[in-house]
Number of protein chains: 2
Amino acid sequence: MKWDTLDEEPCSLSRTIAVVGDRWTLLILRECFLRVRRFEGFQSSLQITRHLLSERLKKLVRFGILRRAPYSEAPKRYEYILTQKGLDLYPIIMAMVHWGDTHMGDERGRPLLHEHKTCGKLFDPVMVCSECGERLHAKQVHVHAGPGRRQAVG
Amino acid sequence: MKWDTLDEEPCSLSRTIAVVGDRWTLLILRECFLRVRRFEGFQSSLQITRHLLSERLKKLVRFGILRRAPYSEAPKRYEYILTQKGLDLYPIIMAMVHWGDTHMGDERGRPLLHEHKTCGKLFDPVMVCSECGERLHAKQVHVHAGPGRRQAVG
DNA sequence: GTTTGACAGTTCTATTTTAGAACTATAGCC
DNA sequence: GGCTATAGTTCTAAAATAGAACTGTCAAAC
């Protein structure tokens, strides 16, 4: 599998991994969800090298996940803002945070707690079926080939 | 941020990325969910190099996501089976597949369709609040520091 | 009017990871 | 004894990442 054309594979997981499947991208996006928008902000909170940060931000803009918006004219400065496509990554990040909370925790408890403003309570994210609303479990899902599948690729 | 101790960071996202945040791990796990269990099976369906596959399987066993179970005594051969910890990664993979379906699709339609055996319908995974059952949106979530957080790390 | 500092990058070398191919080892079958 | 299947290991080359230093613009301080 060639890494640079992974986004053209007939597999939605591969296509997503092409965008967020590296060491840093999801951590950068976490900062975006925590309202960080500027180069120096990402750099100082993540300790990522400036070179890599620059590359990743370009890639995220190229894929339409962030947009680069000017916030100062002289000198020209830009900040990076989540698009709707980027906001839609939220369930991925929350699913990963929840798995980490459940399986990678230590004796000190959770690093972060999440409050649902709508109901006012601390919550966990739960994945349910869009049709019946029941909790999803891998063993209750059957996979069919769809129209976009070619050959023996998942 | 040091990649080899990422699983000790006071951040559940970092800890999860330490386990599944590389080029291949999630693709290997996708195959596990599609009932692949053996070295040659992973290798031929993913086109991953044998060296990397071997490394990744060892890592997944080390983290308790797969267990290595003998299926033949002479010669000794093993297969790799998802543990509960591994099965719990399902929402992450489904969230990524769903995002890929939504934002990275082409004109041919979805590569795979998912049927919920419980209700018999084709579905999409939806993330909801464990407390009120409403759909989650990033803007309706407020983040608090939890007991396991130290310093200014998310 | 020169210096300092903030911000947003770019450029360079060194190290680590990954890719690609070939090789090893065990055992069954002909 | 030779062929095949399975599950790896070992090697070199290429690519990605780490780490540090450098560039350019402008505002404010001296």
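Each chain gets a letter, A, B and so on, in the order its sequence line appears, and its residues count up from 1.
Residue A:Tyr80 places at least one side-chain N or O under 4.0 Å from the OP1 or OP2 atom of C:dG9. Remark: B:Lys58 is in phosphate contact with D:dT9, judged by side-chain N or O atoms under 4.0 Å from OP1 or OP2. Proximity of A:Tyr78 to the phosphate of D:dT25: no side-chain N or O atom is located under 4.0 Å from OP1 or OP2.
Note: A:His103 and A:Trp99 have tilted aromatic rings, judged against thresholds of 30 and 60 degrees for the angle between ring planes.
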Hey, mind stepping through A:His144 and B:Glu115 against side chain to side chain contact (heavy atoms under 4.5 Å, CB included) and telling me if it holds? CA-CA 8 Å; A:His144 303 266; B:Glu115 179 190 330; 2.7 Å; yes
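D:dT10 atom P lies 10 Å from atom CD of B:Glu55, rounded to whole Å. Straight-line distance from the CD atom of B:Glu40 to the P atom of D:dT9: 13 Å, rounded to whole Å. As rounded to whole Å, 13 Å separates atom C1' of D:dT17 from atom CD1 of A:Ile28. Distance B:Tyr71 OH to C:dA27 C1': 12 Å, rounded to the nearest Å. The separation between A:Leu53 atom CG and C:dT11 atom P is 16 Å, rounded to whole Å.
Taking the ring pair (Phe, Tyr, Trp, His ring centres under 6.0 Å) definition, one finds that B:Tyr80 meets it with nothing, sequence neighbours left out. Here A:Lys76 pairs with A:Glu73, A:Tyr78 under the side chain to side chain contact (heavy atoms under 4.5 Å, CB included) rule; sequence neighbours left out.
Ion pairing between a basic and an acidic side chain is recognised when a charged N comes within 4.0 Å of a carboxylate O; B:Glu40 and B:Arg50 show such pairing. Residues A:Arg56 and A:Asp22 are paired through a salt bridge, judged by an N-O separation under 4.0 Å between the basic side chain and the carboxylate.
Taking Ile, Leu, Val, Met, Phe, Trp and Tyr as members and joining any whose side-chain heavy atoms lie under 4.5 Å apart, directly or through other members, the hydrophobic cluster of A:Leu113 also contains A:Leu122. The hydrophobic cluster around A:Val128 extends to A:Val126, B:Val126, B:Val128, counting ILVMFWY residues whose side-chain heavy atoms fall within less than 4.5 Å of a member.
Helix-axis bend for the helix from C:dG1-D:dC30 to C:dC30-D:dG1: the local axis fitted to the five terminal pairs at one end deviates from that at the other end by 10°, rounded to 10°.
With distances taken from any side-chain atom of A:Phe39 to the nucleotides D:dT9, C:dG9, D:dT6, the minimum falls on C:dG9.
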What string of B, S and - do you get for nucleotides 14-26 of chain C 5' to 3' if you count protein non-hydrogen atoms under 4.0 Å? ----SSB-B---B
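Geometrically, A:Arg38 engages A:Tyr71 in a cation-pi contact defined by less than 6.0 Å to the ring centre and at most 45° from the axis.
The 5' end of DNA chain D is approached more closely, in terms of each residue's nearest nucleotide, by B:Leu57 than by the other of A:Glu73 and B:Leu57.
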